[in-house]
Each structure stands twice: as C-alpha cells, then as structure tokens.
Amino acid sequence: MPTFDLRGIKIGKYINTEGTITYETPISMGDAMSVELNLTAAEGRLYAESRLAEYKKLITGGTASVGVKYITDAAQKLLFGMSENTRNVGTNTSQKSLKATAKDIAKYVGMGFYAPDAIDGTDKYTAVFVHKVLFGAPSYVYATKGDSITFQTPTTTGEFLADDSEDKNIMEIATLASESDAVAWINKCFGAS
C-alpha cells in the first residue's frame, strides 16, 4: 500500500442507544502524523479423517496506533476522560490545565481520516472510518536540550472492535474522487447530513 499524506483525523464519542449507533459531533484529534491499523482475527480449524476439513477466519477487531503533533485538549477530555482544572497564578490570573485522576474513564469513539492516493495512475482520496475504538493515554516524554533538536510527539494506541449494531461494523475504507468527497464521506460515517 502506498504512503500518503495523512489528513484530518477526527473522533466522535460513540453512543449506543438500544443498538442504534450514533456519534457526537466529531472533533480534531490533532495535526495528523501517522495512523497504523492492524486487523485481528479469530481462527478455527476442524480436522476430520486425519486431514484439515474446515478452516474459518473471522475479523474480530484490531489495534490502532495514532501519532499526532499534539493531542488537542478537547480530544484528551474525550479520549481519556481528563477534566479541566483552573488554578490562580499570580495576581488575578487564572490558568487552565487538564487533570488526570484515578476516576477518569476513557470513552469509545469513532475515528475517521483521509489521505490523497494514486490508484491506477489516477489521483484519488482514500478515506477510512473505524466504528468503535478505545484509546489508552499516550506517554509523555520530556528531556533537556542536547546537541540536536528533538521533537517529542504523542502516539496513542487503542483497540477497535465491532460496534453494537446488527451488522457488527468494524471498519470501512472508501476511494473517492476529491478531498471534499473524502471529508463528506467521513462526516456521513459520523452521521452528519
């Protein structure tokens, strides 16, 4: 698969209302750098008369690893359950921060992104939507300045699984003619009209 210019990682809170799946208005996760999706499968083998008689392989979900320049505050609240905190600093100055506590609960989200691609010699856009994913908090790495400039960017990983709809949706991929079509397709996946 070609490497392409990843764009527009959006997430929206996953909502299950008696098997009807909806998403809150999607928000940006941050400036896109990388996404790696790996599907997982359950396998089964049936042996009869000393030979393999049946073999089944069913996709059950997968893992997602997402790298962004910076995870937005809104995304950290949604993804990891962090809350906003305000402290008075100096004279009449309030400083907002994000607070992680032992009570925080990560939330399931839908995730969509797209990128330009060349398919059969034609410029197209590949768009991807993951229906239900739960991310873990990223590592925060800080270091002193050395002889060279080093960028520290967050990567967060998560598990995606079948949604709770009758179809048990996991992931969708579409090839579209334009960037605006890719954005519109992702918005439709989130339920926007």
Side-chain angles (χ1 to χ4, degrees), residues 1-17 19-46 54-72 74-82 104-117 119 124-140 153-176 182-192:
M1 182 172 247
T3 300
F4 41 52
D5 183 21
L6 180 65
R7 299 180 189 168
I9 302 174
K10 300 250 183 207
I11 54 172
K13 183 179 175 187
Y14 172 91
I15 301 166
N16 174 8
T17 308
T20 300
I21 307 307
T22 57
Y23 301 91
E24 285 184 354
T25 302
I27 61 171
S28 172
M29 192 169 173
D31 292 345
M33 292 175 54
S34 64
V35 174
E36 182 178 338
L37 302 174
N38 294 297
L39 292 171
T40 56
E43 298 180 69
R45 291 176 174 83
L46 173 66
E54 292 285 336
Y55 174 73
K56 294 282 185 188
K57 192 170 196 172
L58 302 172
I59 295 172
T60 57
T63 59
S65 180
V66 178
V68 293
K69 179 179 171 186
Y70 173 81
I71 300 174
T72 65
Q76 289 191 69
K77 290 178 192 178
L78 174 58
L79 291 171
F80 316 126
M82 296 175 85
D104 295 344
I105 298 173
K107 296 173 184 69
Y108 285 107
V109 296
M111 178 180 70
F113 59 90
Y114 68 95
D117 205 350
I119 299 173
K124 301 278 186 178
Y125 284 80
T126 298
V128 178
F129 188 78
V130 180
H131 289 263
K132 184 179 182 183
V133 61
L134 185 67
F135 286 99
S139 296
Y140 296 94
T153 58
T155 298
T156 183
T157 58
E159 296 280 332
F160 57 93
L161 54 151
D163 70 13
D164 299 300
S165 69
E166 187 176 321
D167 290 338
K168 304 297 181 202
N169 298 308
I170 296 174
M171 184 174 82
E172 295 180 52
I173 300 172
T175 302
L176 301 137
V183 171
W185 182 85
I186 290 169
N187 288 337
K188 282 285 190 184
C189 290
F190 277 117

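Along the sequence shown, the residues carry numbers beginning at 1.
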(request) Search all heavy atoms of Leu78 against all heavy atoms of Lys107 and return the closest pair with its distance. (result) O-CB, 3.5 Å

(request) State, with a plain yes or no, whether a side-chain heavy atom of Tyr114 is found less than 4.5 Å away from one of Leu176. (result) no

(request) Give a yes or no on this: more than 12 heavy atoms of other residues, nucleotides or ligands lie within 6.0 Å of atom CG of Leu39. (result) yes

(message) Could you check whether any side-chain N or O of Thr22 sits under 3.5 Å from a backbone N or O of Gly191, counting only pairs where one atom can act as donor and the other as acceptor?
(response) no

(request) Taking the side chain as every heavy atom from C-beta outward, state whether Leu134 and Tyr14 have any atom pair closer than 4.5 Å. (result) no

(message) List the residues meeting side chain to side chain contact (heavy atoms under 4.5 Å, CB included) with Lys77, not counting sequence neighbours, and say none if there are none.
(response) Glu84, Leu98

(request) Would you name the heavy atoms of Thr40 and Gly62 that are closest together and state the gap between them? (result) OG1-N, 3.5 Å

(request) Give, for atom CD of Glu43 and atom CG of Leu58, the distance between the pair rounded to the nearest 0.5 Å. (result) 10.0 Å

(request) Please identify each residue that fulfils side chain to side chain contact (heavy atoms under 4.5 Å, CB included) with Ser165, with sequence neighbours left out. (result) Ile21, Asp163, Asp167, Asn169

(request) Specify the closest pair of heavy atoms between Ala174 and Trp185, including all atoms of both residues, with the distance to one decimal. (result) CB-CE2, 3.5 Å

(request) Considering non-hydrogen atoms only, spot the tightest contact between Ile11 and Ala75 and give its length. (result) CD1-CB, 3.9 Å

(message) With rounding to the nearest 0.5 angstrom, report the CD1 to CD1 distance, Ile186 to Ile9.
(response) 10.0 Å

(request) Please name the pair of heavy atoms, one in Ser65 and one in Thr157, separated by the smallest distance, quoted to 0.1 Å. (result) OG-CG2, 3.6 Å

(message) Would you say that Met111 contacts Val66 through its side chain, given a criterion of any heavy-atom pair below 4.5 Å between the two side chains?
(response) yes

(request) Using modelled atom types only, decide if a donor and an acceptor are shared between the side chain of Gln76 and the backbone of Ile71 within a distance under 3.5 Å. (result) yes

(request) For Phe129, enumerate each residue passing the ring-ring contact (aromatic ring centres under 6.0 Å, His included) test, keeping only those at least two apart in sequence or located in another chain. (result) Tyr23, His131, Phe190

(request) Measure the spacing between CD of Glu172 and NZ of Lys188 and express it to the nearest 0.5 Å. (result) 13.0 Å

(request) State, to 0.1 Å, how close Leu79 and Phe135 come at their nearest heavy-atom pair, and which atoms those are. (result) CD2-CD1, 3.6 Å

(request) Determine whether Asn16 and Lys132 make a side-chain contact, defined as any pair of heavy atoms from C-beta on separated by less than 4.5 Å. (result) no

(message) What's the separation between atom CG in Asp164 and atom CD1 in Ile15, rounded to the nearest 0.5 Å?
(response) 12.5 Å

(message) For Gly30, is there any backbone N or O sitting under 3.5 Å from a side-chain donor or acceptor partner on Thr72?
(response) no

(message) For a side-chain contact (heavy atoms from CB on, under 4.5 Å) check, start with the C-alpha distance between Lys10 and Asn187, then their side-chain angles and the critical distance, and finish with the verdict.
(response) CA-CA 9 Å; Lys10 300 250 183 207; Asn187 288 337; 5.6 Å; no

(message) What's the separation between atom OG1 in Thr63 and atom CG in Leu37, rounded to the nearest 0.5 Å?
(response) 8.0 Å

(message) Taking CD in Glu166 as the centre, count heavy atoms belonging to other residues, nucleotides or ligands within less than 6.0 Å. Is the count above 12?
(response) no

